Protein chains: 2
Amino acid sequence: MTKDRPSGQPDKRRAIISGAVTLFARDGYTRASLDAIAAEAGVSNRTIYNHFTDKADLFQAVIQESTQRVADTMVDLIDRHLGKIIDLESDLADLGLAFLSLLTSDLAPHFAIVRQINAETEHIPPTALELWQDTGPGRVKHHLAGRLREIADRGQLVIDDPARAAGHLMLLVSAENLRDRATPHDRAEVTTMVAAGVHAFLHGYEQRDEQDLKKRASHATRTAH
Amino acid sequence: MTKDRPSGQPDKRRAIISGAVTLFARDGYTRASLDAIAAEAGVSNRTIYNHFTDKADLFQAVIQESTQRVADTMVDLIDRHLGKIIDLESDLADLGLAFLSLLTSDLAPHFAIVRQINAETEHIPPTALELWQDTGPGRVKHHLAGRLREIADRGQLVIDDPARAAGHLMLLVSAENLRDRATPHDRAEVTTMVAAGVHAFLHGYEQRDEQDLKKRASHATRTAH
DNA sequence: TAGGCTCTACACCGAGCGATGTAGAACGCA
DNA sequence: TGCGTTCTACATCGCTCGGTGTAGAGCCTA
């Protein structure tokens, strides 16, 4: 709809979406009024309807633009940190820290919108929901999975299902592991959280006692080649 | 407020909260109208204001009741599956499956409300938010952490921070690892997801090759006693 | 039986919101 | 310069919603 014929001045459109991101992130879809969005964007109420057919249409455009930006950034971070592995554990930790720093960057509102999507899931057309999944978190996870597969192919990881492993890694270093998600956390807490998450991702929590290790070592020797 | 003097008939109050849970879960706080809640509860609009001062007051009561029920159920499941460990990996997997089965049980709306809380976080008084954290997910995580600590004390796990480990376990077997959260998943997909999550929780993904294992085994032998 | 609660049905108010209409100003392009 | 598009300001419509008022019916208890 809106994409076919992007009527109106492009800068106005950007301003509208930018303001809409801010207000949708803070107030959610229903609470955010078009008048408030117009004011935030420094634009007339009427102009919004010149660029978008509907409030729902605007929301969808916001989701799309927002998702695109965040996914691009994350894919870039993945390539930057996992393109060349020096020390696997610290490289993964750096990537996790880079992800978390996005939460307090200028992309912060976009993550609030993701929470809105999660809550609004019953009122969003399933096709739009799938499109969001594919161009957003799904794409990031897929890209991360590809990098993990490379690492596994070099023998540094044992990965059965790369997509699943990517999901695990992202969860283990996600903000879900922090007490308070809103406030800017002190770097120490975040660092230890990420370190613990990466450590769990690599080693797990199972006890590997002396006998167990010996048994496994002999087994590994027996089955070598 | 409402707790000090629970005015009105208790069954009416329960009916109201039950209906409110349904509609808040489906439509969110703003969308769910009091008229619709009254209709859903089979109760007059006016009666709601006889039991609760406000829409916000009702929402808070709903959160409290909802959180209590889910947390009780989860704590119970933890005790049932982790009270006596037969085989650690399968016991953990069973617990994960039990958790996931809650998503499609009659407590399903409660989890939708959690998503609403996550989205509405900017419009909920921080004290109420903390109270929710403490009586809900915080309590469950703490309880699970206690069980994990017991297991670690018996030497089956190596856990530095039980609370963190509990969070990791819950994330690794959470519905976040499923493509579509809404539809009832086929049991096979859920089972393999949980198995993979528990496996990652126990063992991690790091390659343990022959030399590495030998080195660790000798080190373990050297440092025995 | 009488008094006090509670529930119900219904009407009502005021506010906010989505969406549209309109007239004129500003701007870009031929 | 002149035409078409876009933006703005303002007014308006219809609807929904939160919250209140009121009068009467049902119910329990003293």
Side-chain angles (χ1 to χ4, degrees), chain A residues 1-63 116 119-120 122-125 128, chain B residues 1-63 116 120 122-125:
Chain A
M1 305 286 154
T2 313
K3 260 299 176 59
D4 299 344
R5 174 97 72 99
S7 58
Q9 298 291 84
D11 57 332
K12 293 290 176 185
R13 186 179 204 272
R14 250 179 293 124
I16 294 171
I17 286 198
S18 171
V21 164
T22 302
L23 289 200
F24 279 142
R26 193 184 60 200
D27 297 341
Y29 177 78
T30 312
R31 263 194 176 85
S33 77
L34 287 180
D35 280 352
I37 292 176
E40 175 77 22
V43 148
S44 169
N45 176 334
R46 209 61 182 73
T47 303
I48 296 183
Y49 287 95
N50 200 334
H51 289 258
F52 307 94
T53 73
D54 234 337
K55 192 185 186 183
D57 185 33
L58 171 61
F59 189 53
Q60 187 155 338
V62 164
I63 291 177
Q116 300 295 340
E120 211 77 20
E122 305 244 26
H123 304 278
I124 300 180
Chain B
M1 302 285 154
T2 313
K3 259 301 178 58
D4 300 344
R5 176 94 73 96
S7 57
Q9 297 292 84
D11 57 333
K12 293 290 174 183
R13 190 189 145 92
R14 248 178 295 123
I16 293 172
I17 287 198
S18 171
V21 164
T22 302
L23 289 200
F24 279 142
R26 194 184 59 198
D27 297 342
Y29 178 79
T30 311
R31 262 192 176 85
S33 78
L34 286 180
D35 281 352
I37 292 175
E40 175 77 22
V43 148
S44 169
N45 175 334
R46 209 65 181 72
T47 303
I48 297 183
Y49 288 96
N50 200 334
H51 288 258
F52 307 94
T53 72
D54 235 336
K55 191 186 186 183
D57 185 34
L58 171 61
F59 189 54
Q60 187 154 337
V62 164
I63 291 177
Q116 300 295 340
E120 212 77 22
E122 305 243 25
H123 305 278
I124 300 179

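Residue numbers begin at 1 in each chain, while the letters A, B, ... track the order of the sequences. As the structure is a computational prediction, the values presented were derived from the model and not from experiment.
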Fill in the blank from the handout: Rounded to whole Å, the OH-P distance (A/Tyr49 to C/dT20) equals 7 Å
Completion exercise
Assign each of A/Gly42 and B/Asp54 the nucleotide of DNA chain D bearing its closest heavy atom; nearer the 5' end lies the nucleotide of A/Gly42
Problem - Touch class at under 4.0 angstrom, heavy-atom based, for A/Ala56 against every strand present - result: nothing
Practice task
Kindly give the heavy-atom pair with the smallest separation between A/Ile16 and A/Ala41, and that separation in Å.
Solution key: CA-CB, 3.8 Å
Exercise for the section: With heavy atoms under 4.0 Å as the rule, sort B/Ala38 into base, sugar-phosphate or nothing. Expected result: nothing
Exercise for the section: Please state how far atom CG in A/Leu58 lies from atom C1' in C/dA19, giving the value in whole angstrom units. Expected result: 14 Å
Exercise for the section: Counting heavy atoms from C-beta on, name the nucleotide in C/dT20, C/dT8, D/dT8 closest to the side chain of B/Val43. Expected result: C/dT8
Exercise for the section: Would you confirm whether B/Lys55, through its side chain, and B/Ser33, through its main-chain N or O, come within 3.5 Å as a donor-acceptor pair? Expected result: no
Handout entry: Phosphate OP1/OP2 of C/dT6: any B/His51 side-chain N/O under 4.0 Å
Key = no
Exercise for the section: Start with the C-alpha distance between A/His51 and A/Thr47, add both sets of side-chain angles, then the distance that settles side chain to side chain contact (heavy atoms under 4.5 Å, CB included), and finish with yes or no. Expected result: CA-CA 7 Å; A/His51 289 258; A/Thr47 303; 3.9 Å; yes
Exercise for the section: Can you tell me the distance, in whole Å, between the CG atom of A/Leu34 and the C1' atom of C/dA19? Expected result: 9 Å
Handout entry: B/Asp35 CG to D/dT16 P, straight-line distance once rounded to whole Å
Key = 11 Å
Fill in the blank from the handout: Against the side chain of A/Arg46, the closest entry in C/dT22, C/dC17, D/dG21 is C/dT22
Handout entry: A/Phe24 and its side-chain contact (heavy atoms from CB on, under 4.5 Å) partner, picked from A/Thr30, A/Ile63, A/Leu58
Key = A/Leu58
Handout entry: Nucleotide D/dC17, atom P - distance to OH of B/Tyr29 in whole Å
Key = 14 Å
Practice task
Grab the CD1-P distance between A/Ile16 and D/dT6 for me, whole Å please.
Solution key: 13 Å
Exercise for the section: Using the closest heavy atom to pick a nucleotide of DNA chain C for each, name whichever of B/Asp11 or B/Asn45 lands nearer the 5' end. Expected result: B/Asp11
Exercise for the section: Under 4.0 Å between any heavy atoms, over every strand shown, what does B/Thr47 touch: base, sugar-phosphate, or nothing? Just pick one. Expected result: base
Problem - A/Asn50 CG - C/dA26 P separation (whole Å) - result: 18 Å
Exercise for the section: Would you tell me if any nitrogen or oxygen in the side chain of B/Lys12 comes within less than 4.0 Å of OP1 or OP2 on C/dT8? Expected result: yes
Practice task
Measure from CZ on B/Arg13 to C1' on C/dT6 and round the result to the nearest Å.
Solution key: 15 Å
